[in-house]
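Treat the numbers as computed from the prediction; the structure is a model and nothing was measured. Residue numbering restarts at 1 for every chain, and letters A, B, ... go by the order of the sequence lines.
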Amino acid sequence: MKSRKVIVVGASSGMGRELVRQLAARGDRVAAVARREDKLAELAAEHPQQILPFPHDVTQPESVPELFAEICRQLGGLDVIIYAAGVMPEVGATEYSFEKDRSMIEVNLTGAVAWLNAAADRFQNVGHGTIVGIGSVAGERGRQGQPMYNTTKAALKTYLEALRNRLSKRGIRVTTIKPGPTATEMTAHLKQTGMMGAEDAAERILRVMDSGKEKFLKPSHAIIFAIIRNIPTGVFRRLKL
Amino acid sequence: MVSGADAFVFEPRTEADVIRVFQVARESGRKVALRGNGRSYGDANIAEEAIVLDICRMNRILEWNPETGVLHAEAGVTIEQLWRTSLGDGWWPPVVSGTMFPTLAGALAMNIHGKNAFHAGTIGEHVTAVRAVLPSGSVLTLTPADDAFYELISSAGLLAAITEVKIQMRAVASGDLRVLPLSIANWDEQFAAFESLADGADYLVSWIDAFASGRSAGRGLVHAAWYQEESGARPHSLREDHQDLPDTLMFGLPKSMMSNFLRPFNRRGGMRLINAAKFRASRTLGNGRPHPDSLVGFSFLLDYVPNWRNAYQPGGFIQYQSFVPKEHARRVFAEQFRLAQEVKQEPFLAVMKRHRPDRFLFSHAVDGYSLALDFKHTAKRHDDLWRLCHRMNDLVLAAGGRFYFAKDSTLRPSDVTQYLGEETIARFRARKAEWDPEGMLTSGLAQRVGLV
């Protein structure tokens, strides 16, 4: 397979970091974008020829156009962009924190739109490219536990679907990944067992990222969430999910 | 037409501007891709994140000598400008492509051929001098006496930027050709017609129905054409108004609307019908009866329908052209059609021509035939189409055939190494190291096939 030029936003931990590692290991050139410079430096040191670190805070979307252009210049083009940045602060059952909710909107959604719009504009001009957004099964329904996390992932799913509908005829693939519960820094506070490892998730993402579709990473999730999507609202409310 | 790149376009007007573009590229750490009028079908005139040096604004005719037929022009001059300058004086470009819009720079970078390739060769064989700017800023002039002349021409814009050209035009007594259409029933008749007509005809080309199979495989329509003698000091046929293509096609339909009209038919079923109808019509309409046609009308078929490429939107199309020695051409071309039919990806247009070898570095020519195929491209069947092309490449390579960078989107590095040969590639690299040691000149094509 030919070496590709890839941007991974949200590369300092979790699935983003594993994606960078695995892309670099198979010979791709990867621009790793994240806020924490020390983590980026560690990651880049693993494959210095393949990984280019770019410190960036996704809550500063106004800096994206210039950085995006510079990354494309240094990579010598762009074939794939993966938006993997995401936050899910712990939210109490009776808590309504605007600050926490705004941080989720900024990182999970506004940052995604800033980066993926830039990529979509470039890809539509050149007629090729793959856009990957890391969504979530949490975007399937409005659950009680994480109102804004669910909302941002539902919005991201809809945004990516719209990009797919716009761009697929031009040969551009837009893929939405719904990983399901995955053990990362972001989910550490959930204390959930049986979660998929980030390494495993990244492997599965790389297998489906050029599909240009919405993808669950486990076949069982497709069935479970088809059922969850179709549970009547009144019943769903009483399930305390 | 499925390639694209995000880059910075510079449009120099003078040779000094060209030198400055190389300086800017060096200062900004970017590569340079050379571009004429963008008439190559693939990725030869673009490169991601590069500076694209577009030569189109260097488009002055510097000197025209109607006595000798030598024309000296800046390299952004198009083939259209050539004939409009010279035809009134009884001269015609010695080699033209199927469209009049390529620039001289692009035509020489790809060393284009025309329907007279079997006796006139490629355009480079008619150039008497060429001036070029090296990435270092040095300027050199080459003539056919220089070995480097044969390397610069055909090198796909990877060695230097051609800025001026002197070309020997061909004398013609009339602006019309005598054209003979011959309806052809199968492959055997195709090759028999070419071999019997090649000795006397000035132009030879054949359209082939790529959907036909079995005993009808290879059916189509050959057109042979001859220059005409015409009495009078300045025949009317040499005037531009005689040559200009009409604004309307059949039934008074404006040509500008044709691509919209074609789009609904631009699918497999529609094209099968159109190809079959064209063949049926060829059996009777004008078959075997010579008729006059203007040089422009006969030569630039692609220009009859403006923006005909739009009929392939939104997915675009690729052109695939392979060149096969005459002893293997029938077998290879028939097998290419069979493979395309097997995967239900028949080319919507297929055109065969006769060629002769030349001595240029990246020569596409062979003592044999070429088959140019237009394939519709869709995102859904992209991988299938590339797989088909690679299978067709294997057939061509096994037969000692060649390819043409102006019409390529699918070649792999191994294909190029095999058809050009290690020696040719070593020669290219040696010249590249001498003229472009920083490796500034690049293109999507060159990166894809491993030439840079």
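Heavy atoms closer than 4.5 Å to chain A are found nowhere in Thr378(B), neither backbone nor side chain. For Arg448(B), no part lies under 4.5 angstrom from a heavy atom of chain A.
Here CG of Leu75(A) is found 8.5 Å from CD of Glu49(B). Values are rounded to the nearest 0.5 Å. To the nearest 0.5 Å, atom OG of residue Ser168(A) and atom NZ of residue Lys380(B) are 11.0 Å apart. Note that CG of Asp6(B) is 14.0 Å distant from CZ of Arg73(A), once rounded to the nearest 0.5 Å.
Taking a 6.0 Å sphere around CD of Glu27(B), one finds it holds more than 12 heavy atoms contributed by other residues, nucleotides or ligands. For CZ of Arg268(B), the number of neighbouring non-hydrogen atoms (other residues, nucleotides, ligands) closer than 6.0 Å is greater than 12. Sparse packing is recorded around CD of Glu199(A), with 12 or fewer heavy atoms of other residues, nucleotides or ligands lying under 6.0 Å away. Atom CD of Glu342(B) sits in a crowded spot, with more than 12 heavy atoms from other residues, nucleotides or ligands closer than 6.0 Å. Heavy-atom neighbours of Glu422(B) CD from other residues, nucleotides or ligands within 6.0 Å: at or below the threshold of 12.
Contact count against chain B (heavy-atom pairs under 4.5 Å) is highest for Arg122(A) among Arg122(A), His128(A), Arg173(A).
In plain terms, the two heavy atoms of Gly171(A) and Ala379(B) that are nearest each other are CA-CB, 3.6 Å.
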